[in-house]
There are 2 protein chains.
Amino acid sequence: MSNQGEGCCEPLSEEPLAEQQAAELATVFKALGDPVRLRLLSLIASRPSGEVCVCELTPAFDLSQPTISHHLKLLRQAGLVDSERRGTWVYYRVRPETTDRMAALLSSVSGERAAARVG
Amino acid sequence: MSNQGEGCCEPLSEEPLAEQQAAELATVFKALGDPVRLRLLSLIASRPSGEVCVCELTPAFDLSQPTISHHLKLLRQAGLVDSERRGTWVYYRVRPETTDRMAALLSSVSGERAAARVG
DNA sequence: CGTCAATATTGAAATATGTCGAATCAAGGC
DNA sequence: GCCTTGATTCGACATATTTCAATATTGACG
């Protein structure tokens, strides 16, 4: 709660989105707008440990390894996931700040006039 | 824990998304993944009346009328908005079921293991 | 009817995206 | 040091998306 930070999130209702904000938010939604990336995110999020090795993600799809790597990169660039290399393997985990922010933004649409400020 | 409905919403964590569900959800996120469409949605949502005439949306952008019409069509096809013709004009309004559903889905990512089932 | 104004649809061009195979980079083990 | 294995980057190609101008459709009003 509290402040709404610098580039922080206006509700989608309340007042129309500025062009630049719309562009930033669109980047994240665009990252979510692909079935493969959604499933990747889901696979990562569904792990109790909170993280998954790429070596487990890749064989879950009928796609080449570079393709999976590419999708993971887009998720990373959108701020939806983080990666960390530990030895031979690379592990991905969700960044809940981002998913929460997007969720709050979407909630604000139906939250009518009194939509809580999304911090 | 009751059913989870027909085509209804799994949380993104809990269990990985099935291919078909991922494809459906991706369609909606893809619709949200464009700055123009986000601003359109925002303009529609920010109206106290809940609806806006296309004749007010079109001049709000530096884009041709067919282009705006096209974006509105994609929002409609994604289930994010509804349109109604009244006489000469066409009015658009948000479909909160859809935005709420997507919000809940995103919330479930950080909702960890115990994520509430999203109806 | 005929015309005008508001939207939608069509067709085409430029750009972006998803995908692969080949090449490259990183870390471990011989 | 030199392979081997895991992961990313590069280059290329097919497809999808964004956008416009032109055309069609819909409804209101003489």
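Hydrogens, waters and symmetry mates play no part in the numbers below; they use all other heavy atoms, side chains included.
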Check the distance between [N]'s [atom2] and [X]'s [atom1] and give it to me in whole angstrom.
X        : N      : atom1 : atom2 : value
Arg86(A) : dA7(D) : CZ    : C1'   : 15 Å
His70(A) : dG6(D) : NE2   : P     : 23 Å
Glu84(A) : dA7(D) : CD    : C1'   : 15 Å
Gln77(B) : dT9(C) : CD    : P     : 9 Å
Tyr92(B) : dT7(C) : OH    : P     : 9 Å
Leu63(A) : dA7(D) : CG    : P     : 16 Å
Leu72(A) : dT8(D) : CG    : C1'   : 11 Å
Leu40(B) : dT7(C) : CG    : C1'   : 14 Å

Shortest side-chain distance from [X], nucleotide among [options]:
X        : options                   : answer
Asp34(B) : dA22(C), dT18(D), dG18(C) : dT18(D)
Val90(A) : dT19(D), dA8(C), dT8(D)   : dT8(D)
Thr67(B) : dT19(D), dG18(C), dA7(D)  : dT19(D)
Val54(B) : dC20(D), dT8(D), dT7(C)   : dT7(C)
Pro66(B) : dA22(C), dG28(C), dT9(C)  : dT9(C)

Quiz item: If you find the nucleotide of DNA chain C closest to Arg37(A) and the one closest to Trp89(B), which residue's nucleotide is nearer the 5' end?
Solution: Trp89(B)
Quiz item: Of Asp62(A) and Gly87(A), whose closest DNA chain C nucleotide lies nearer the 5' terminus?
Solution: Asp62(A)
Practice problem: Just call it for Leu57(B): base, sugar-phosphate, or nothing, with non-hydrogen atoms closer than 4.0 Å on any strand. | Solution: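 Leu57(B): no heavy atom of the nucleic acid under 4.0 Å.
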Self-check item: Derivation and outcome, salt bridge (Lys or Arg N to Asp or Glu O under 4.0 Å), residues Arg47(A) and Glu56(A)
Solution: CA-CA 11 Å; Arg47(A) 281 314 179 81; Glu56(A) 288 188 72; 2.8 Å; yes
Does [N] have OP1 or OP2 sitting under 4.0 Å from an N or O in the side chain of [X]?
X        : N       : answer
Lys30(A) : dA16(C) : no
Lys73(A) : dA7(D)  : no
Ser69(B) : dA8(C)  : yes

Quiz item: Is any side-chain heavy atom of Leu74(A) closer than 4.5 Å to a side-chain heavy atom of Gln77(A)?
Solution: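 Yes; the side chains approach each other to less than 4.5 Å.
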Exercise. Side-chain contact test, heavy atoms from C-beta onward, threshold under 4.5 Å: evaluate it for Leu43(B) versus Val52(B) and give yes or no.
Key: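 Side-chain contact under 4.5 Å: no.
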Using modelled atom types and a 3.5 Å cut-off, is there a donor and acceptor pairing between side-chain atoms of [X] and backbone atoms of [Y]?
X        : Y        : answer
Thr98(B) : Gly79(B) : yes
Arg76(B) : Asp82(B) : no
Ser42(A) : Leu17(B) : yes

Quiz prompt | Residue whose nearest DNA chain D nucleotide is more 5′ - Ser64(B) or Tyr91(A) | solution =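 In this pair, the answer is Tyr91(A).
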Self-check item: Polar pair under 3.5 Å, donor/acceptor by atom type, side chain Gln65(B), base dA6(C)
Solution: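 Counting by modelled atom types and ignoring angles, no donor-acceptor contact under 3.5 Å is found here.
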